[in-house]
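Presented below is the structure to which this report refers.
Computed over heavy atoms, backbone and side chain alike; hydrogens, waters and symmetry mates excluded.
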Amino acid sequence: MKRMSAALGLVTIALLGWGLRVRAVQAAGPDEAAKPEFYTTKVQPILQANCYRCHGGTNHRGGLSIQTRAGMLKGGHEGPVLIPGDPANSLLVRLIRHEGPAKDPMPMPPKQPKLSDADIATVERWVKAGAIMPEDPQQ
């Protein structure tokens with residue numbers, strides 16, 4: 001009888017733990033970085049402050065416009081700068097980390113301090129989540 005009570009108690013504890021874990025996952029929901037609002041409120045201001053001077057508006061230095069997803073996927077003279085879901089292989093991320101190609105590291109922004117670790121992490125998170133942008137990003 002004691003064994004049965006102990007076993008029942010263990011099963012109850014296990015089910016409670018599982019139930020709490022399921023609720024925590026449901027409460028967290030999908031990653032906010034996969035929503036267009038994450039781009040417009042978190043990523044776009046970083047790009048506007050640090051990148052648009054050379055790669056936004058009518059300026060497309062190196063043939064690159066980063067104002068649209070299509071522009072980043074097309075890329076510039078060095079090819080695409082964005083590989084959605086793969087920040088480690090996205091040139092955009094490597095350049096803002098100052099880890100560009102050995103032959104031409106092109107640290108971005110040029111002749112400026114490296115972006116903050118928090119800003120780099122925000123861009124990496126956005127790329128990892130699929131680099132989702134609204135159809136027409138606010139200019």
Exercise. Step by step, would you call Gln112 with Arg53 a side-chain contact (heavy atoms from CB on, under 4.5 Å)?
Worked result: CA-CA 12 Å; Gln112 302 264 338; Arg53 181 177 68 253; 3.6 Å; yes
Problem set entry | Contact list for residues 59-85, test ring-ring contact (aromatic ring centres under 6.0 Å, His included), sequence neighbours left out | none
Problem set entry | Test item: Asp119 side-chain N/O and Ile46 main-chain N/O as donor-acceptor pair under 3.5 Å | no
Exercise. Backbone N or O of Val93 within a donor-acceptor pair of the Ser90 side chain at under 3.5 Å?
Worked result: no
Side chains of [X] and [Y] in contact at under 4.5 Å (non-hydrogen atoms):
X      : Y      : value
Gln67  : Gln44  : no
Asn59  : Cys54  : no
Ile120 : Lys114 : yes
Lys74  : Leu64  : no
Asp31  : Phe38  : no

For this session: Salt-bridge test for Glu32 and Lys42: reply yes if a basic N is under 4.0 Å from a carboxylate O, no otherwise.
Result: no
For this session: Flag the pair Lys128 and Asp86 as a salt bridge only when some basic side-chain nitrogen lies within less than 4.0 angstrom of an acidic carboxylate oxygen.
Result: no
For this session: Of all the heavy-atom pairs spanning Leu115 and Pro109, show the shortest one and how long it is.
Result: CD2-CD, 4.1 Å
Problem set entry | Shortest non-hydrogen contact between Gly130 and Arg69, atoms and distance | O-NH2, 2.9 Å
Seminar exercise, completed: Exactly one of Val127, Leu73, Ile132 clears side chain to side chain contact (heavy atoms under 4.5 Å, CB included) with Pro84, and that residue is Leu73
For this session: Check the hydrophobic clustering (I, L, V, M, F, W, Y; side-chain heavy atoms under 4.5 Å; chains of links allowed) and say if Val43 and Tyr52 are grouped together.
Result: yes
Exercise. If you draw a 6.0 Å radius around CG in Asp117, do more than 12 non-hydrogen atoms from other residues or ligands fall strictly inside?
Worked result: no
Exercise. When the aromatic ring centroids of Tyr39 and Trp126 are compared, is their separation below 6.0 Å?
Worked result: yes
Exercise. What do the steps show when you test Leu91 against Glu78 for side-chain contact (heavy atoms from CB on, under 4.5 Å), and what is the final call?
Worked result: CA-CA 9 Å; Leu91 186 58; Glu78 299 295 319; 4.0 Å; yes
Exercise. At what distance, to the nearest 0.5 angstrom, does CE of Met108 lie from CD1 of Ile66?
Worked result: 10.0 Å
